[in-house]
Amino acid sequence: MTQAPNIEYEMPKAYESGKVEQKWYQFWLDKGYFKPEIDPEKKPFVIIMPPPNVTGELHVGHALTATLEDIMTRWHRMKGEPALWLPGVDHAGIAAQVVVEQLLAKEGLDRHQLGREKFLERMRQWAEECRHTIAEQHQRLGASCDWSRERFTLDEGPSRAVRTAFVRLYQKGLIYRGERIINWCPRCATALSDLEVEHKDIQGHLYYVRYHLAEDDQGFITVATTRPETILGDTAVAVNPEDDRFKAMVGKKVILPVVNREIPIVADEAVDPGFGTGAVKITPAHDPVDFEVAQRHGLQLVNILNPDATMNENAGPYLGLDRFACRKAIVSDLEKEGLLIKIEPYSHSVGHCQRCQTMIEPLASKQWFVNMSPLAKPAIDAATDGRITIIPERFTKVYLNWMENIRDWCISRQLWWGHRIPVWYCQDCGELTVTVDDAKACSRCGSNNIEQDPDVLDTWFSSALWTHSTLGWPDDTEELRYFYPTSVMETGYDILFFWVARMIMMGLEDTGDIPFHTVYLHGLIRDERGEKMSKIRGNVLNPIDTLERYGTDAMRFALSTGTSPGNDIKLTVSRLEAGRNFANKLWNATRFIIRSIGSADADMKIQWHLLPVEDRWILSRLSRTVLSVTGLMEDFQFGEAQRQIHDFLWGEFCDWYIEIAKIRLQSAGEAVSPIPVLVHVLETSLRLLHPYMPFVTEELWQNLKRHLSSEWQTTDSIMIATYPEASKAAIDPEAERIVEPLVEIIRSIRNARAQYKVESTRWIEAQIYAGSLASQLKQYTKTIEVLSRAKPVTLLDSRLENAEGKNVLVLVLKDSEVVIPMESMVDLAAEKKRLQAEIEQSQAEITRLEVRLKSRDFLTKAPKAVVDKEKDKLVSRKDKLARLKQQLNRFN
RNA sequence: GGGCAGUUAGCUCAGUUGGUUAGAGCACUCGGUUCACAUCCGAGAGGUCAAGGGUUCGAGUCCCCUACUGCCCACCA
């Protein structure tokens, strides 16, 4: 058994330095708290962590993910559920390969020089380093995930899942190989899926080019294009069949400029007669629409590009030129030949590689695709019939819209880093062998002369299987049976399509069941200026630097408090400071309470029947807070939940209860000690807060426990203590009705002091008329004295109808009045002004209430409780108004 | 071209079944070396909840419309 670490009573600085954090993390780890037990009697809570890419270190976005997932996991664990949070990392295909290629470039190497095997070895080393760094960083964030189940997408298990899924889809006819227009990144030298292309508006040009008719020197047709270099790949000109201008030309041939090839004029619906000249050049190998036109008309495909986007042999004289150089050259040649009619500035959207920002070339190429529509249908149903809930709800529409318009997914990548496509081509008979285990021979002719497809799969293909591949699928494991479907998928809304949608499709396809019940989408982290963080902008915040500076809990506070799902978060210094200050406040409050315990007797039993009003009040407020926080958490409103814990602890417990309790502690003797309540509220609040701020709560909780008797020693750690349960029994409206005016009285005296600039060291007298509350407030005269620095405070039996003298200040409150004899003259003018303002305000409110209460509709249609409330309010406001007026009369 | 969000105090943002006088942090003003805390304490100022219309007894909250900002999706050469 691991012993709880020996706790030196350190100041917050020690906590900020990270020592406390590391101490506790190690403690939890040693205790094995992160690993849930499989208990068939209990329903588990499961989150599979979105695996960070092995491209370097974590950024604040990951810290947000980790924070939210840790909050949920810790909360459910404290509720006694077997809570599994399964961590992992993603090999990240292109993204990681790009990083390592850059590292190689610094050494003057490229991957082709190394060769596939050596390069992959290098990649594996790199991935292993990253995995290490990432795990370490997660630990610093306090992530309570089960490291014994950590997975990497290229691990044996997940890899077998990938192959199995591929083979099954292939056998069902849902994976096919074919020549289609794909997005080609010339820099990465690979095909990309549509999602991996970012469209940006580019200020370009529209070139109008004349194509002469073949049999008629005079006749011509003019086309408009943004990419004149693709003329080299034209195999037709198309016009709309309904376009009278060109009807006569359809079927004739034109001479392709520059290359002087004859190509036909065809009629096709796809052409918009209103755009450009109404005639379109058709480049089937380099444009998706043209590709389809070509299919319909049986046109030839002419590919004019090499993989690196230089011109190939089909470009004739332009062979070897870069695509942009070629464009210039062609434009200049067209001009020379008088075929360029005009150039117009034109803004259009151009695809760029998501990873390297290189301009994409649409290219006809033979690739592997997944036919998505059959997979989308069950995924649509799951979100429509309520089996899967997306938070915030608005993303359901976005999800459905994408699903309903889904297009086939190009999954092959011409990379080395990733899951190799499990397909072998027979060099003898040409048959494809598609198997999970490495093929040794052709499945048809048995030849050993087979070669595996050199390509790898899109990294998102393995991600799509993550929820089940991490739990053992395709095997029927105990883990899979127990933990699947998982509970929550928590991630950023930016990967809804990339990942979440595909996981739902593949989860349903592979297991027949949804992968998770709830999708929680968080917002993106932005910098102080509201800009998205990116390496290119150089505004990326390293979460480790941040937590070293402010403390992990402060950062978690900054990331989760006062935020809401799906909305972006601006991470500012002041947010971080607020978190740090809150941790510090807790530290100090706990220190105070621990010191108080030391000087009192050790019995912390609350004597419920003897409790004074303020004890009942704070216990009531605690109950309400627990009730509300629990409800909010069940509703995934973590930001609001934490804000309420913060406000309760700081604004009520520290500001009022502790301050009042101090007075009791100082006047030794007859009174009931506040210490049991102090301890109870603190201890409960720490548990309530623990999911959010795990380190400071553990440190303080452990410290507190050391001063308590054995019956408090329920668990070895706060993280496995039970989560507070709301007790409605402790809600005490009567106590609240007394403490509220008490607070109001104290505030009003403090206010008067400030207004009249009474020196802080000077005491003033106060007399209070509290009507029906007098008897309960009687025992609080000392409290009022100490907290408002007024002495003596006396309670009046009756109102001072007309307080005598001009140097008496009368404060009219809701149900009470405070009379303060002033040493010097009261500023009459100022007082009159203040009273008049109050009267006006009061009068306005009364008018509003009266109007409302005269309305028959209101009286009959509003709920009775609301009506009664308004009636009571009117009575009390009228009373206050009358008293205000009397005070004003004093001055007249 | 579609779709979605945001617009609340000087700044950053909360405010989820419509129900008192709309909140917090930071910033600001004034006052504080009281033994938990100056990473603090006390007091204060600051908002026609973007504009307009509607539904309702009652709207920051629901509906319509407008403006501005941002995002997503989309094969107009």
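Note that the structure is a prediction, hence the values are computed from the model and not measured. Protein chains get the first letters and strands the later ones, always in sequence-line order, with residue 1 at the start of each.
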The side chain of [X] lies closest to which of these nucleotides: [options]?
X: A:Phe497; options: B:C37, B:A77, B:C72; answer: B:C72
X: A:Arg394; options: B:C4, B:U12, B:G19; answer: B:C4
X: A:Lys397; options: B:U16, B:C4, B:A43; answer: B:C4
X: A:Asn567; options: B:U20, B:C41, B:A5; answer: B:A5
X: A:Arg643; options: B:U21, B:C37, B:G23; answer: B:G23
X: A:Glu659; options: B:A5, B:A77, B:C37; answer: B:C37
X: A:Asn588; options: B:U12, B:C30, B:C37; answer: B:C37
X: A:Asp857; options: B:C4, B:C57, B:A14; answer: B:C57
X: A:Lys585; options: B:C37, B:G44, B:U20; answer: B:C37
X: A:Phe275; options: B:C30, B:G44, B:C76; answer: B:C76

Answer with base, sugar-phosphate or nothing: what part of the nucleic acid does [X] contact at a heavy-atom distance below 4.0 Å?
X: A:Asp290; answer: nothing
X: A:Asp272; answer: base
X: A:Pro362; answer: nothing
X: A:Lys570; answer: sugar-phosphate
X: A:Val398; answer: nothing
X: A:Ala578; answer: sugar-phosphate
X: A:Arg856; answer: nothing
X: A:His646; answer: nothing
X: A:Thr225; answer: sugar-phosphate
X: A:Phe557; answer: nothing
X: A:Lys662; answer: base

Between [M] and [N] - [atom1] atom distance, rounded Å:
N: B:G1; M: B:C57; atom1: P; answer: 41 Å
N: B:G42; M: B:G47; atom1: P; answer: 24 Å
N: B:C28; M: B:U69; atom1: P; answer: 31 Å
N: B:G15; M: B:G53; atom1: C1'; answer: 25 Å
N: B:U16; M: B:C11; atom1: P; answer: 23 Å
N: B:G10; M: B:G3; atom1: C1'; answer: 34 Å
N: B:U55; M: B:G44; atom1: C1'; answer: 40 Å
N: B:C75; M: B:C4; atom1: C1'; answer: 23 Å

Report task. Answer yes or no: does atom NZ of A:Lys873 have more than 12 heavy-atom neighbours from other residues, nucleotides or ligands under 6.0 Å? Result -> yes
Query raised in the report: Around atom CD of A:Glu393, are there more than 12 heavy atoms of other residues, nucleotides or ligands at under 6.0 Å?
Result: no
Query - Within 45° cone of A:Phe592 ring axis and under 6.0 Å: A:Lys662 NZ or CZ - result: yes
Query raised in the report: Do A:Arg394 side-chain atoms and A:Gly566 backbone N/O form a donor-acceptor pair below 3.5 Å?
Result: yes
**Report entry** Main-chain N/O of A:Thr561 paired to A:Arg643 side chain as donor or acceptor, under 3.5 Å
**Finding:** no
Query raised in the report: If you write RNA chain B from 5' to 3' in dot-bracket form, with Watson-Crick or G-U pairs under 3.5 Å, [ ] for crossing pairs and | for pairs with another strand, what do you get?
Result: (((((((..((((.....[...)))).(((((.......))))).....(.(((..]....))).))))))))....
Are a donor atom and an acceptor atom from the side chains of [X] and [Y] found within less than 3.5 Å of each other?
X: A:Gln644; Y: A:Glu640; answer: yes
X: A:Asn240; Y: A:Asp272; answer: no
X: A:Thr283; Y: A:Lys281; answer: yes

Requested in this report: Would you confirm whether the ring centroid of A:Phe557 sits within less than 6.0 angstrom of the ring centroid of A:Tyr692?
Outcome: no
Query - First encountered from the 5' end of RNA chain B, between A:Val758 and A:Ser564 - result: A:Ser564
Requested in this report: By nearest nucleotide on RNA chain B, pick out whichever of A:Pro565 and A:Leu859 is the more 5' one.
Outcome: A:Pro565
Query raised in the report: Going by modelled atom types, is there a donor-acceptor pair between the base of B:U20 and the side chain of A:Arg848 at under 3.5 Å?
Result: no
Query raised in the report: Quick one: is A:Trp656 getting a side-chain N or O under 4.0 Å of the B:G42 phosphate, OP1 or OP2?
Result: no
Query - All side chain to side chain contact (heavy atoms under 4.5 Å, CB included) counterparts of A:Asn581, not counting sequence neighbours - result: A:Trp650
